[in-house]
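Data first, discussion second: the structure below is written as structure tokens.
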Amino acid sequence: RRCRAVSHVKGAKANQRLEYTRYLNGKYVDKGSLNVTKADPKHATVTFSLKPGLTHPKGVYNVKTYSNGVFERSAKYTVQ
């Protein structure tokens, strides 16, 4: 199974750092980052995937996104 997060990053500059922190039911899960390689991309995509045979734990996930260390927004999704 895969979960995919797509963030619209209109106006992002080349070499800008985009980061996320992910929580499950309020508890820290993981974090990651990527660098924008070209100016003004339409979006950035992060895919959360697991090894074959595993499933994402059920619950409410909250993904907080940051741009160059500054909080931008958060989004929630549920895995049932």
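Quick note: numbers below take in every heavy atom, side chains included, and nothing from hydrogens, waters or symmetry partners.
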**Prompt:** Remaining members of Val60's ILVMFWY cluster at a side-chain heavy-atom cut-off under 4.5 Å?
**Reply:** none
**Request:** Tell me, please, which residues at least two apart from Ser67 pass side-chain hydrogen bond (donor to acceptor under 3.5 Å, both in side chains).
**Result:** Gln16
**Asked** Which heavy-atom pair separates Lys58 from Leu24 by the least distance, and what is that distance?
**Response** O-CD1, 3.9 Å
**Complete:** Interatomic distance, CD@Glu19 vs CD@Glu72, rounded to 0.5 Å, equals 10.5 Å
**Request:** Taking all heavy atoms of Val79 and all of His56, pick out the closest pair and write down the distance.
**Result:** CG1-O, 3.8 Å
**Asked** By ring-ring contact (aromatic ring centres under 6.0 Å, His included), which residues pair with Tyr61, not counting sequence neighbours?
**Response** Tyr77
**Asked** In Å and rounded to the nearest 0.5 Å, what is the CG to CG distance from Leu18 to Asn68?
**Response** 7.5 Å
**Prompt:** Can you get from Tyr20 to Val29 by hopping between Ile, Leu, Val, Met, Phe, Trp and Tyr side chains that sit under 4.5 Å apart?
**Reply:** yes
**Spacing of OG1 belonging to Thr65 relative to CZ belonging to Arg22, to within rounding of 0.5 Å** = 14.0 Å
**Item:** Sequence-distant partners of Ser74, side-chain hydrogen bond (donor to acceptor under 3.5 Å, both in side chains), two or more places apart
**Value:** none
**Item:** Leu34 side, atom CG; Arg17 side, atom CZ - distance, nearest 0.5 Å
**Value:** 8.5 Å
**Asked** For the residue pair Lys76 and Asn62, what are the closest heavy atoms and their distance?
**Response** CG-OD1, 3.9 Å
